[in-house]
Amino acid sequence: MNVVPAWVSYSVFRVLLFAVPLAVMLFLRIEWWLAAIAAAVIGASLSFIFLRKPREKVALGLYQARHPDTEPAHPDAVSEDAALDRADARAADADLQRERES
């Protein structure tokens with residue numbers, strides 16, 4: 001089953017909350033620029049009141065995208081870790097050999 005992403009539904013609702021009042025005011029023959037300003041204020045107010053949950057889902061998705069749970073691995077991290085492990089092993093071997101010689 002296809003689930004619509006939260007940002008898509010939120011965006012559609014926001015556009016509708018602007019477009020419907022704009023269309024009504026233009027139908028009532030209000031000046032286009034006054035209708036656009038009023039529709040923007042009405043749409044912002046209604047979306048703030050009625051779209052709290054979708055807005056929070058979008059905000060959470062954005063936060064999770066910007067702050068992933070795991071830190072991305074550098075491409076050379078594995079080879080660098082292996083080299084450090086080999087160097088540590090060599091140092092430990094050298095220490096053991098010095099202790100045996102003493």
Side-chain angles (χ1 to χ4, degrees):
M1 182 172 149
N2 282 337
V3 177
V4 179
W7 66 269
V8 172
S9 61
Y10 178 71
S11 298
V12 168
F13 288 137
R14 286 290 309 258
V15 168
L16 285 175
L17 288 176
F18 171 76
V20 170
L22 179 65
V24 168
M25 286 185 274
L26 290 176
F27 180 76
L28 295 175
R29 300 195 187 271
I30 295 175
E31 291 287 330
W32 69 266
W33 59 274
L34 283 175
I37 292 171
V41 170
I42 291 169
S45 300
L46 290 176
S47 69
F48 185 74
I49 294 169
F50 294 113
L51 298 180
R52 180 181 59 86
K53 286 186 180 182
R55 183 177 59 247
E56 288 176 355
K57 286 181 185 176
V58 171
L60 179 62
L62 287 172
Y63 179 83
Q64 289 173 343
R66 297 284 291 167
H67 301 93
D69 291 337
T70 59
E71 205 172 300
H74 190 273
D76 293 333
V78 174
S79 62
E80 289 173 357
D81 289 344
L84 288 173
D85 291 341
R86 284 191 306 269
D88 289 343
R90 283 187 207 128
D93 287 343
D95 288 342
L96 280 174
Q97 193 168 10
R98 273 187 237 130
E99 285 179 15
R100 287 181 191 161
E101 292 173 357
S102 308

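Quick caveat: nothing in here was measured; it's all calculated off a predicted structure.
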**Request:** Please collect all ring pair (Phe, Tyr, Trp, His ring centres under 6.0 Å) contacts where either partner lies in residues 42-65, sequence neighbours excluded, each pair once.
**Result:** Y63-H67

Are [Y] and [X] connected into the same hydrophobic cluster when the rule is that any two of I, L, V, M, F, W, Y join if their side-chain heavy atoms are below 4.5 Å apart?
X   : Y   : answer
V15 : Y10 : no
V41 : L22 : no
I30 : W32 : yes
F13 : L62 : yes

**Charged N-O contact under 4.0 Å between D95 and R98** = yes

Which heavy atom in [X] sits nearest to a heavy atom in [Y], and how many Å separate them?
X   : Y   : value
M25 : A39 : CE-N, 3.4 Å
S47 : R55 : O-NH1, 3.3 Å
R14 : A44 : NH2-CA, 4.5 Å

**Item:** Single hit among L46, V12, I42, I49 for side chain to side chain contact (heavy atoms under 4.5 Å, CB included) with L17
**Value:** L46

